[in-house]
Peer 1: 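Take a look at the following structure, please.
Values below: every heavy atom of this structure, side chains too, minus hydrogens, waters and symmetry copies.
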Amino acid sequence: MGDCIQGAFAKAAAATSVSFELLDYEDFGADAASYTFTPASALTADNYSQFIIAISGKTDAVNAIPTIIFSGSTSNVYATGATIAGNGTRTALAVSSAPLSIGNATTIPSANINFTCLISMTINTTASYLSGYMTTMNVNSILSEEKWFEMSASEISSVEIEMSSTGKFKADTRFAIYGLKTS
């Protein structure tokens with residue numbers, strides 16, 4: 001029976017061609033107000049079933065709020081979730097049609113705060129939306145912000161991180177995007 005199960009898994013693995021690919025990686029050599037990843041051709045649901053984005057670094061100014069923009073879209077952004085303090089206190093987040101913020105003044109309250117942001121998302125081909133889940137953690141005081149979002153776009157033609165106010169990403173900030181390739 002064990003041979004039958006192993007054979008079934010081998011056939012399933014052979015029939016499904018899936019690979020996890022690093023699509024872009026940037027290690028900031030100097031402070032920067034923004035960074036844009038633009039693939040050679042747009043990323044679509046036909047080729048990728050899921051995307052993971054990881055951002056880690058510091059901001060250089062008080063109230064410097066990092067944002068992320070997919071495919072140039074700054075409209076139809078819906079966010080819900082909470083900022084969660086180390087003591088469990090939660091603050092509701094507002095729904096917005098502005099660029100999606102990676103953190104806020106509670107999560108990243110001052111300059112030189114280490115933060116990490118992880119985003120998991122898919123392309124919803126039925127509704128032509130990018131939908132996903134984001135969590136950002138302030139490593140210094142264990143504050144985190146969680147968001148679920150949808151953004152009007154049927155493909156990923158660019159991913160831009162930038163500051164929505166004064167400030168820059170400090171040198172040694174890192175940005176990476178991975179795709180789960182299905183074809």
Peer 1: From L118 CG over to S144 OG, what is the distance, rounded to the nearest 0.5 angstrom?
Peer 2: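 One finds 11.5 Å between CG of L118 and OG of S144.
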
Peer 1: Under the rule for side chain to side chain contact (heavy atoms under 4.5 Å, CB included), what residues qualify as partners of S128, not counting sequence neighbours?
Peer 2: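 Side chain to side chain contact (heavy atoms under 4.5 Å, CB included) list for S128, sorted by chain: S154.
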
Peer 1: When rounded to the nearest 0.5 angstrom, what is the spacing between CD1 in I102 and SG in C117?
Peer 2: 5.0 Å

Peer 1: Taking only residues two or more places apart in sequence, or in another chain, which ones meet Y133 in a ring pair (Phe, Tyr, Trp, His ring centres under 6.0 Å)?
Peer 2: W148

Peer 1: I need the minimum non-hydrogen distance between S152 and Y129, along with the two atoms involved.
Peer 2: N-CD2, 3.6 Å

Peer 1: Do any pairs count as a salt bridge (charged side-chain N to carboxylate O under 4.0 Å, His left out) and have a residue in residues 153-164, sequence neighbours left out, and if so which ones?
Peer 2: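 Not a single pair qualifies under salt bridge (charged side-chain N to carboxylate O under 4.0 Å, His left out).
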
Peer 1: What's the spacing between T136 OG1 and I55 CD1 if we round to 0.5 Å?
Peer 2: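 Answer for the OG1-CD1 pair, T136 versus I55, is 7.5 Å.
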
Peer 1: Quick one: salt bridge (Lys or Arg N to Asp or Glu O under 4.0 Å) partners of D172, sequence neighbours excluded?
Peer 2: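 For D172, no residue satisfies salt bridge (Lys or Arg N to Asp or Glu O under 4.0 Å) once neighbours in sequence are set aside.
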
Peer 1: Would you kindly confirm whether L100 and L43 end up in one hydrophobic cluster when ILVMFWY residues are joined by side chain heavy atoms under 4.5 Å apart?
Peer 2: yes

Peer 1: Please list, chain by chain and in numerical order, all residues satisfying ring pair (Phe, Tyr, Trp, His ring centres under 6.0 Å) with F115, sequence neighbours excluded.
Peer 2: none

Peer 1: Quick one: OG on S120 to CE on M134, what's the gap to the nearest 0.5 Å?
Peer 2: 11.0 Å

Peer 1: Residues in side chain to side chain donor-acceptor pair (under 3.5 Å) with D60, at least two apart?
Peer 2: none

Peer 1: Under the rule for side chain to side chain contact (heavy atoms under 4.5 Å, CB included), what residues qualify as partners of N112, not counting sequence neighbours?
Peer 2: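 Expected list: K58, K170.
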
Peer 1: Please name all residues satisfying side chain to side chain donor-acceptor pair (under 3.5 Å) with E26, sequence neighbours left out, ordered by chain then number.
Peer 2: none

Peer 1: Tabulate below the donor-acceptor pairs under 3.5 Å that side-chain atoms of residues 33-40 make, not counting sequence neighbours, or state none.
Peer 2:
from: Y35; atom 1: OH; to: D24; atom 2: OD1; distance (Å): 3.4
from: Y35; atom 1: OH; to: D24; atom 2: OD2; distance (Å): 2.6

Peer 1: Test of understanding: with side chain to side chain contact (heavy atoms under 4.5 Å, CB included), list the residues that count as partners of L180, not counting sequence neighbours.
Peer 2: V18, F20, S49, Q50

Peer 1: Which residues satisfy the side chain to side chain contact (heavy atoms under 4.5 Å, CB included) test with A45, sequence neighbours excluded?
Peer 2: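 For A45 the side chain to side chain contact (heavy atoms under 4.5 Å, CB included) partners, ignoring immediate neighbours, are I123, T125.
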
Peer 1: Find the distance between CD1 (I177) and CD1 (I53) and round it off to the nearest 0.5 Å.
Peer 2: 4.0 Å

